[in-house]
Amino acid sequence: MLMNTYQKPDITFVKGEGCYVYTDNNEKYLDFTSGIGVNSLGYNNPQIAQALLSGANLMHLSNLYDTQKDRILADALVDKTGLKSVFFANSGAEANEGAIKLARKYSFDKYGEGRFEIITLKNSFHGRTITTLRATGQDRFHKYFMPFTDGFIYAEANNINDVKEKISSQTCAIMIELVQGEGGVLPLELEFVQELAKICTEQDILLIADEVQTGVGRCGAFCAFLKYDIAPDIVTLAKGLGGGIPIGAIISGEKCKLTFGPSDHASTFGGNPLSCSVANVVVSSMNNEFLNNVQENGNYLLHKLQQIKSSHIKEVRGVGLMIGIELDGLINIDIKNKCMEQNLLVLTAGNNTIRLLPPLIVSKTEIDICVKILEGAL
């Protein structure tokens with residue numbers, strides 16, 4: 001028996017192909033969730049299937065030994081991001097936990113005790129462990145599980161003066177999502193992000209970019225921070241990195257590339273060769289042509305949604321293939337269920353937003369189908 005942590009519909013999915021999933025009755029659903037942004041190359045991708053098959057002869061080995069796959073992936077991530085060193089975890093929450101540890105150790109090594117606070121943004125989401133829940137700037141997640149880890153304070157997104165007021169002699173890092181996903185698909189303003197990066201550089205405060213949902217092509221660049229023309233000190237990845245296989249990553253810039261030493265951080269399954277083999281397929285597919293296509297289809301989806309004539313749409317927003325539809329006068333869960341009745345899977349986010357995270361291989365024909373069903377549901 002499973003714990004009652006998910007409210008699942010009375011449907012059982014057994015296989016997938018491209019942007020579609022199929023039930024045990026062979027009923028076909030168009031999936032605009034991609035496993036909450038995970039199945040970046042869609043379902044049953046032949047290259048991923050081959051990587052799984054060929055990697056099965058060495059599915060796991062302790063990080064005490066070299067398997068080459070993790071080094072290949074680390075080098076590829078360094079090349080794609082312009083950062084310097086990588087630690088592999090199993091999930092986004094673990095990657096964010098590790099980033100918090102990395103930032104605090106960097107500050108301890110350089111400044112000693114007492115410089116440990118991390119500023120995050122209101123309406124943010126950084127994970128469901130005790131520490132990443134505390135880092136999350138949404139009160140609705142701060143129930144039941146007290147006491148939380150100390151050392152986090154929250155500032156208003158897109159309000160640089162509020163951030164400045166929160167910075168103190170105890171501040172070691174500022175952690176942001178470039179697009180607040182769970183908070184309602186809310187992109188941060190360019191001027192705010194660039195000023196924030198400038199302040200961090202001037203005061204030797206580490207800038208952590210949580211790219212668990214926005215990274216690996218989701219926003220039309222390998223990472224969203226590249227569209228903001230900034231260079232974070234730490235970037236976290238997960239979700240789409242493994243194309244369906246669990247993997248997370250902490251990528252460090254120059255300042256803290258050597259901060260972690262032996263035994264400072266570890267993960268039994270982190271960087272196991274099977275996960276890294278699949279992630280290498282995903283990362284190698286993220287060439288300019290692929291990313292340009294993501295951006296083109298993202299713009300197409302955004303434009304088509306903005307053309308829907310409905311008084312119930314307050315705003316359509318997003319970056320690349322990460323789109324939010326904020327509703328007015330309707331409940332997002334009701335619309336999600338209406339879409340499911342028409343064989344379309346969508347997500348919810350924030351107070352009343354429909355969130356679309358299709359596989360990055362989605363076609364304009366599939367986008368048209370999605371928009372038609374959404375229009376009918378509204």
Side-chain angles (χ1 to χ4, degrees), residues 13 15-19 21 31 33-61 63 67-81 83 86-99 126-129 132 181 209-219 221-224 235-251 267-287 290-291 294 320-322 347 357-362:
F13 292 107
K15 64 179 181 180
E17 186 72 38
C19 293
V21 287
D31 182 14
T33 77
S34 59
I36 315 183
V38 168
N39 298 307
S40 46
L41 301 186
Y43 295 90
N44 201 25
N45 177 281
Q47 291 177 292
I48 287 179
Q50 180 57 46
L52 287 168
L53 186 64
S54 61
N57 63 359
L58 187 64
M59 290 189 290
H60 180 70
L61 188 69
N63 284 312
T67 64
Q68 192 180 42
K69 304 294 186 186
D70 55 347
R71 287 191 291 108
I72 292 171
L73 180 57
D75 288 346
L77 292 177
V78 165
D79 180 63
K80 294 285 187 183
T81 61
L83 300 182
V86 180
F87 176 91
F88 290 114
N90 306 295
S91 68
E94 286 185 43
N96 285 339
E97 285 263 356
H126 297 292
R128 291 186 180 270
T129 65
T132 55
D210 175 351
E211 297 250 17
V212 168
Q213 190 165 154
T214 55
V216 198
R218 175 57 57 185
C219 293
F222 186 75
C223 284
V235 172
T236 57
L237 298 176
K239 288 192 181 290
L241 178 59
I245 299 299
I247 187 171
I250 308 163
I251 315 175
S267 172
T268 296
F269 291 102
N272 86 70
L274 185 64
S275 295
C276 289
S277 293
V278 175
N280 277 318
V281 170
V282 174
V283 172
S284 66
S285 74
M286 299 287 160
N287 55 38
F290 184 95
L291 294 171
V294 170
L321 285 169
M322 184 175 180
L347 295 161
L357 299 172
L360 302 183
I361 60 167
V362 69

Next item on the list: Could you tell me whether Lys80 atom NZ has more than 12 heavy atoms of other residues or ligands within 6.0 Å of it?
Entry: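 It does: Lys80 NZ has more than 12 such atoms within range.
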
Give, for atom [atom1] of [X] and atom [atom2] of [Y], the distance between the pair rounded to the nearest 0.5 Å.
X: Asp210; Y: Thr236; atom1: CG; atom2: OG1; value: 4.0 Å
X: Cys276; Y: Ile245; atom1: SG; atom2: CD1; value: 11.5 Å
X: Met322; Y: Leu357; atom1: CE; atom2: CG; value: 6.0 Å
X: Asn272; Y: Ile247; atom1: CG; atom2: CD1; value: 7.5 Å
X: Leu347; Y: Ser34; atom1: CG; atom2: OG; value: 7.5 Å
X: Ser91; Y: Leu241; atom1: OG; atom2: CG; value: 12.0 Å

Check: Side chains of Val282 and Ile48: closer than 4.5 Å at any heavy-atom pair?
Finding: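 Val282 vs Ile48: side chains touch.
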
Checklist line | Phe13 and Asp31, any side-chain heavy atoms less than 4.5 Å apart | finding: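 No, every pair of side-chain atoms sits at 4.5 Å or beyond.
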
Note to self: Show, in sequence, the C-alpha distance, side-chain angles and deciding distance for Met286 and Leu360, and conclude whether the side chain to side chain contact (heavy atoms under 4.5 Å, CB included) test is met.
What the structure shows: CA-CA 10 Å; Met286 299 287 160; Leu360 302 183; 3.9 Å; yes

Do any N or O atoms from the side chain of [X] and from the backbone of [Y] form a donor-acceptor pair under 3.5 angstrom?
X: Ser275; Y: Pro246; result: yes
X: Glu211; Y: Val216; result: no
X: Ser277; Y: Pro273; result: yes
X: Asn96; Y: Thr132; result: no

Notebook entry, point to check: How would you list, by chain and number, every residue that makes a ring pair (Phe, Tyr, Trp, His ring centres under 6.0 Å) with Phe290, sequence neighbours excluded?
Noted result: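 Ring pair (Phe, Tyr, Trp, His ring centres under 6.0 Å) check on Phe290 returns nothing, list empty.
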
Taking all non-hydrogen atoms of both residues into account, name the closest pair between [X] and [Y] and its distance.
X: Gly243; Y: Asn39; value: O-OD1, 3.7 Å
X: Leu321; Y: Pro358; value: O-CD, 3.7 Å
X: Arg218; Y: Val294; value: O-CG1, 4.1 Å
X: His60; Y: Thr268; value: CE1-O, 3.0 Å
X: Gly37; Y: Lys239; value: O-CB, 3.7 Å
X: Gly271; Y: Asp70; value: O-CB, 3.9 Å

Checklist line | Name of the residue among Ile250, Ile251, Asn63 meeting side chain to side chain contact (heavy atoms under 4.5 Å, CB included) with Phe87 | finding: Ile250

